[in-house]
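This report concerns only the one structure given below.
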Amino acid sequence: MSYSLKNIAVFFDSSDEGLHILEIAAHLADEQDAHLIGLIAASYGDSYSAGTFAKGDAIREVIQHKESALALRLLHAGQALAKVSAKYGIASEFRVIPASESGGESALHALYCDLLLVSHPNMNGTPIGWSLPQMLQRIGISVLVVPENWSGNELGQRITVAWNASRQARRALIDALPLLAHAREVQLLIVDSEEHPGLHGEEPGADTASYLARHGVNVVLQRISSQGSAVADVIAAEATNNHSDLIVFGAWSHSRFTEAMLGGVTRTLLKNVPYPLFISH
């Protein structure tokens, strides 16, 4: 069975990091035959801090300067989207989020998309007050987080799926199927399955691997023990050993109390972001 993403959104700007994630999103849209939506917040930023001290007629000059800088910023971003869309031959649209919209309101722009891409840690192009947890929890869209220091332009060739048999992990697995089905190899990774026999059954991961295989995924099942190490560190290390370019996992699959006490895989991976992360909640 063939799966594909049909609507992909990306927050970006005309900075080097913003253009990098735009390139990644466009390549993914080309691979998935998807429509690409470029999102950018119309915020003035801190490019003219002298405005804080302006008086009299100088206030008008400050406002005009900021408006001109914003217009130029949006123009460059729109041109970048048009250029990369022509390069890959994909359909796209440019959406500017008004400065008056809150982070919560901006979530509506991604509500009808299959996937949203954001850079990390600066999250280029996002509105003031926007946060990744807010997006995940408000509308439930899957988010692909790309670290700014990651040098690749294409991803999803070798994928590590962190599987713990939770509802969130199941959601991530289903949401990521369009990428999993296109990957050369998918590593279904289970850490410390012996600690949760009621979730995993007698042969942890076997049924899940069979499920993926029936959907055309080239899957390899791997069960390992953390041996006392942090689970997030084990996942990152195994992704490195597997030469993966993407980690798929379900966010906050444990209770908030457990996450707070033990640190949590979600928080640790988001803090370090070793590779692009495909996250569902």
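Residues Ser280 and Asp175 have side chains that bring a donor and an acceptor to within less than 3.5 angstrom of each other. Between Asn122 and Glu148, the side chains place a donor N or O and an acceptor N or O closer than 3.5 Å (distance only, hydrogens not considered). For the residue pair Tyr88 / Glu23, a side-chain donor-acceptor distance below 3.5 Å is found, with atom types taken as modelled.
The backbone N or O of Asp192 sits nowhere less than 3.5 Å from a side-chain atom of Ser226 that would complete a donor-acceptor pair. Checking side-chain atoms of Arg223 against main-chain N and O of Gly205 turns up no donor-acceptor pair under 3.5 Å. Remark: the backbone N or O of Leu246 is not paired with any side-chain donor or acceptor of Ser244 at under 3.5 angstrom. Checked by atom type and distance alone, the side chain of Asn7 never pairs as donor or acceptor with a backbone atom of His35 at under 3.5 Å. The main-chain N or O of Asp13 is never found under 3.5 Å from a side-chain atom of Asn124 such that the two would form a donor-acceptor pair.
Within a 6.0 Å sphere centred on NZ of Lys6, heavy atoms belonging to other residues, nucleotides or ligands number more than 12. Within a 6.0 Å sphere centred on CG of Asn218, heavy atoms belonging to other residues, nucleotides or ligands number more than 12.
In terms of hydrophobic clustering, with Ile, Leu, Val, Met, Phe, Trp and Tyr side chains grouped at heavy-atom distances under 4.5 Å, Phe249 and Ile224 are assigned to a common cluster. At a threshold of 4.5 Å between side-chain heavy atoms, the hydrophobic network of Ile, Leu, Val, Met, Phe, Trp and Tyr places Leu75 and Ile40 in two separate groups. In the hydrophobic cluster analysis, where Ile, Leu, Val, Met, Phe, Trp and Tyr join through side-chain heavy atoms closer than 4.5 angstrom, Ile174 is grouped together with Ile159.
Of all the heavy atoms in Ile21 and Val118, the pair that sits closest is CD1-C, 3.0 Å. Scanning both residues, Gly250 and Ala172, for their nearest heavy atoms gives N-CB, 3.8 Å. Of all heavy-atom pairs spanning Ala169 and Asn164, the tightest one is CB-OD1, 3.3 Å. Looking at every heavy atom in both residues, Ala29 comes nearest to Ile90 through CB-CD1, 4.0 Å. Of all heavy-atom pairs between Ala209 and Leu188, the closest is N-CD2, 3.8 Å. Scanning all heavy atoms of the two residues, the minimum distance from Arg158 to His243 falls at CD-O, 3.5 Å.
Counting only heavy atoms from C-beta outward, the side chains of Ile247 and Leu189 never approach each other to under 4.5 Å. Using a 4.5 Å cut-off on side-chain heavy atoms (C-beta onward), His215 and Leu177 make contact. Using a 4.5 Å heavy-atom threshold, the side chains of Ile37 and Cys113 count as touching. In this structure, the side chains of Phe278 and Leu115 come closer than 4.5 Å at one or more pairs of heavy atoms. Proximity of Phe11 to Leu39: side-chain heavy atoms (C-beta onward) are separated by under 4.5 Å at one or more points. No side-chain heavy atom of Phe12 sits under 4.5 Å from any side-chain heavy atom of Glu17. The closest side-chain heavy-atom distance from Leu155 to Leu144 is below 4.5 Å. Counting heavy atoms from C-beta outward, Val219 and Leu180 have side chains that stay 4.5 Å or more apart.
A distance of 9.5 Å separates CG in Leu5 from CD in Glu31, rounded to the nearest 0.5 Å. Rounded to the nearest 0.5 angstrom, Gln187 CD and Glu238 CD are separated by 6.0 Å. Distance check, rounded to the nearest 0.5 Å: CG of Leu22 to OG of Ser15 gives 10.5 Å. Atoms NE2 and CD, on His27 and Glu154 in that order, are 4.0 Å from each other to the nearest 0.5 Å. Taking CG of Leu19 as the start and CG of Leu81 as the end, the distance is 10.5 Å to the nearest 0.5 Å. The CG atom of Asn242 sits 7.5 Å away from the CD atom of Gln222 when rounded to the nearest 0.5 Å.
The side-chain hydrogen bond (donor to acceptor under 3.5 Å, both in side chains) check on Thr126 picks up nothing, with sequence neighbours excluded. Evaluation of the side-chain hydrogen bond (donor to acceptor under 3.5 Å, both in side chains) rule for Thr240 yields Tyr275 as partners, not counting sequence neighbours.
Of the residues Val248, Val217, Thr160, the one that meets the side chain to side chain contact (heavy atoms under 4.5 Å, CB included) test with Val186 is Val217.
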May I have the step-by-step check of side chain to side chain contact (heavy atoms under 4.5 Å, CB included) for Leu28 and Ile24, ending in yes or no?
CA-CA 6 Å; Leu28 185 60; Ile24 293 171; 5.5 Å; no
Test side chain to side chain donor-acceptor pair (under 3.5 Å) applied to Ser4 and Asp33, step by step:
CA-CA 7 Å; Ser4 63; Asp33 193 23; over 6 Å; no
